[in-house]
2 protein chains.
Amino acid sequence: MLSRFFSDRSIMEARLARPQSVSDGEVISRLAGVFRDVGYEGASMAQLAEATGLQKASLYHRFRGGKQQMAEEVLASAIGWFADNVLRPLNGDGPPAERLAEAIRSLNDFYDGGSKACLLNMLSSPRIEEGPFSRSIKDALEALVDAFAHLCVAAGWKREEARRQAERLVTMLQGSLVLSRGTGSTAPFRNFLADLPGEVLERPSGTDTLE
Amino acid sequence: MLSRFFSDRSIMEARLARPQSVSDGEVISRLAGVFRDVGYEGASMAQLAEATGLQKASLYHRFRGGKQQMAEEVLASAIGWFADNVLRPLNGDGPPAERLAEAIRSLNDFYDGGSKACLLNMLSSPRIEEGPFSRSIKDALEALVDAFAHLCVAAGWKREEARRQAERLVTMLQGSLVLSRGTGSTAPFRNFLADLPGEVLERPSGTDTLE
DNA sequence: GTCTATAACAGGATAGAC
DNA sequence: GTCTATCCTGTTATAGAC
């Protein structure tokens, strides 16, 4: 979307006829910051313009679908980054411990050590019920569960239990972000990341003898 | 707040001079439903009036502080109910299994089987940063951790580990509600409640031999 | 205490110059 | 592509009758 086919041209145009004052990636990134802070309804066009350094009309020029399209592209971008930096290592085929370590580093970056909320949570409640975000959010959560389950299987878990554990991990991730925001401390998120290796690599010893 | 000192009088006044068409408790309950669905910014006065069956001006008569006061009283009411029905059993002194069972029933009621979001999450992001909700939310989350920790100690956990486990449980609670909303299924919440007794009453056998 | 009507404002979105 | 200026709907909030 946007000037995908003109990304090089827009560089050449800088300071010329129609200089693109802020790159598309930078705009998306700054919009994301606002949506993550205050959610969809809480984000005003004035605030989004302020954050990007563009005027409202300029934002509408880039996103003809208005605020909704901005949130959609922000969400798509975040999901893409997540797929590249979190899901890919989890779904890889190297040593589980190393794959997990890479995913943990990415998670720490993505949530800035626990100081940034999750878009999947912040965009879950717009008045637009069953709107354009619902499907993406659901798919993203399930893809993350799948990826963790894949890793757990590689770490030796039985398929059934790997899935349950993966659901627990995604639950803990989201919960730790809620608590970090609610308590004003990043400790819950940091504790979650610190516990992750143990949760994945050390299976409970007594429970896997039944099946 | 409100007509606390006139609760009986307001009944006698019904259909007389100033009939209170909807009870205070009922108004708070219906307002809570809206805030839990769409959050603070997402809730408009028109929607709140619609949900309560009152006109906007009538709502302003009852809540002179406007929407913010409504959210404050809704939050205070929910926290009060939580203290009576969830924290009290957890902090009680009967058999841990029975106390937990009662708390679980209350949690299931409170979140309607996982179909209702948590106000502590939904009110965490208003533009009013560090606003009137932050303190209550932080205190409520910490009180819940304390109560679970108290129960874990009663169930035989060591104090340090009881606290860590309690934090994990509150994290799981919040996370399961996020996932339930995000995936459109109450399964994550129901799984959380189903796992709770095991998480509290069955301590890990291998990890408590070090200290 | 509730209502209708309306004020005062902020919000999302657009027009058109450059 | 960006800007200033503006439109118009929806929002919060108030006035005043009953």
Side-chain angles (χ1 to χ4, degrees), chain A residues 1-28 30-31 34-35 38-72 126-128 131, chain B residues 1-27 30-31 34-35 38-72 126-128:
Chain A
M1 189 61 66
L2 296 172
S3 51
R4 180 152 296 163
F5 297 102
F6 311 101
S7 54
D8 49 350
R9 216 194 70 186
S10 59
I11 291 175
M12 302 188 60
E13 281 179 345
R15 303 281 138 216
L16 281 180
R18 300 163 181 172
Q20 188 185 51
S21 56
V22 190
S23 75
D24 287 349
E26 188 62 26
V27 167
I28 292 286
R30 297 187 188 181
L31 294 177
V34 177
F35 285 123
V38 301
Y40 183 80
E41 320 274 356
S44 70
M45 288 302 303
Q47 190 177 3
L48 294 169
E50 162 87 23
T52 54
L54 294 174
Q55 296 300 321
K56 289 191 285 182
S58 302
L59 279 178
Y60 276 99
H61 178 78
R62 298 204 188 191
F63 304 90
R64 288 203 300 197
K67 193 167 87 163
Q68 179 170 317
Q69 186 188 348
M70 295 180 210
E72 285 173 16
R127 176 163 320 169
I128 313 162
Chain B
M1 187 61 66
L2 295 172
S3 53
R4 179 152 296 163
F5 297 101
F6 312 101
S7 56
D8 48 353
R9 217 194 70 188
S10 61
I11 293 175
M12 302 188 61
E13 279 180 347
R15 301 287 139 212
L16 281 181
R18 299 161 180 172
Q20 188 184 53
S21 56
V22 190
S23 76
D24 288 348
E26 187 65 24
V27 166
R30 297 188 188 179
L31 293 177
V34 177
F35 285 123
V38 300
Y40 183 80
E41 320 274 357
S44 70
M45 287 302 303
Q47 190 177 3
L48 294 168
E50 162 87 25
T52 54
L54 293 175
Q55 296 300 321
K56 290 186 286 181
S58 302
L59 279 178
Y60 277 102
H61 178 78
R62 296 205 190 191
F63 304 89
R64 289 202 300 201
K67 195 167 85 163
Q68 180 169 316
Q69 186 187 349
M70 296 181 211
E72 285 174 17
R127 175 159 323 168
I128 313 163

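All heavy atoms count here, side chains included; hydrogens, waters and symmetry mates do not. The chains referred to below are lettered A, B, ... by the order of the sequence lines, with proteins before strands, and numbering in each begins at 1.
Protein atom CG of A/Asp24 is 14 Å distant from nucleotide atom C1' of D/dT2, rounded to whole Å. Taking atom CZ of residue A/Arg62 and atom C1' of nucleotide D/dC3, one finds them 13 Å apart after rounding to whole Å. In this structure, A/Leu54 atom CG and D/dT2 atom P are separated by 5 Å, rounded to whole Å. Put simply, CD on A/Glu50 is 17 Å from P on D/dT2, counting in whole angstrom units.
With contacts defined as side-chain heavy-atom distances shorter than 4.5 Å, the pair A/His61/A/Leu54 does not qualify. A 4.5 Å side-chain heavy-atom check between A/Arg62 and A/Val27 finds at least one atom pair inside the cut-off. Proximity of A/Met70 to A/Met45: side-chain heavy atoms (C-beta onward) are separated by under 4.5 Å at one or more points. Using a 4.5 Å cut-off on side-chain heavy atoms (C-beta onward), A/Ile28 and A/Phe63 make contact. Contact of the A/Lys67 side chain with the A/Phe35 side chain is registered, since non-hydrogen atoms from C-beta on lie closer than 4.5 Å.
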Can you give me the N/O atom pairs linking the protein to nucleotides 12-16 of chain D at distances under 3.5 Å, or say none if there are none?
unit_1 : atom_1 : unit_2  : atom_2 : d
D/dT12 : OP1    : B/Ala43 : O      : 3.3
D/dT12 : OP1    : B/Lys67 : NZ     : 3.2
D/dT12 : OP2    : B/Met45 : N      : 2.5
D/dA13 : OP2    : B/Tyr60 : OH     : 2.9
D/dA13 : O5'    : B/Tyr60 : OH     : 3.3
D/dA13 : N6     : B/Lys56 : NZ     : 3.3

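Listed by chain and residue number, A/Ser58 satisfy the side-chain contact (heavy atoms from CB on, under 4.5 Å) test with A/Gln55 (two or more places apart in sequence, or in another chain).
Between atom CZ of residue B/Arg64 and atom CG of residue B/Leu59 there is a gap of 15.0 Å, rounded to the nearest 0.5 Å.
For A/Gln55, a side-chain nitrogen or oxygen approaches OP1 or OP2 of D/dT4 to under 4.0 Å. Put simply, A/Ser21 has a side-chain N or O that comes within less than 4.0 Å of OP1 or OP2 on D/dT2.
Not a single donor-acceptor pair under 3.5 Å links the side chain of A/Tyr40 to the backbone N or O of B/Gly42.
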Represent DNA chain C in dot-bracket notation, 5' to 3'. Only Watson-Crick or G-U wobble pairs with both distances under 3.5 Å count; pseudoknot-style crossings use [ ] and interstrand partners use |.
-> ||||||||||.|||||||

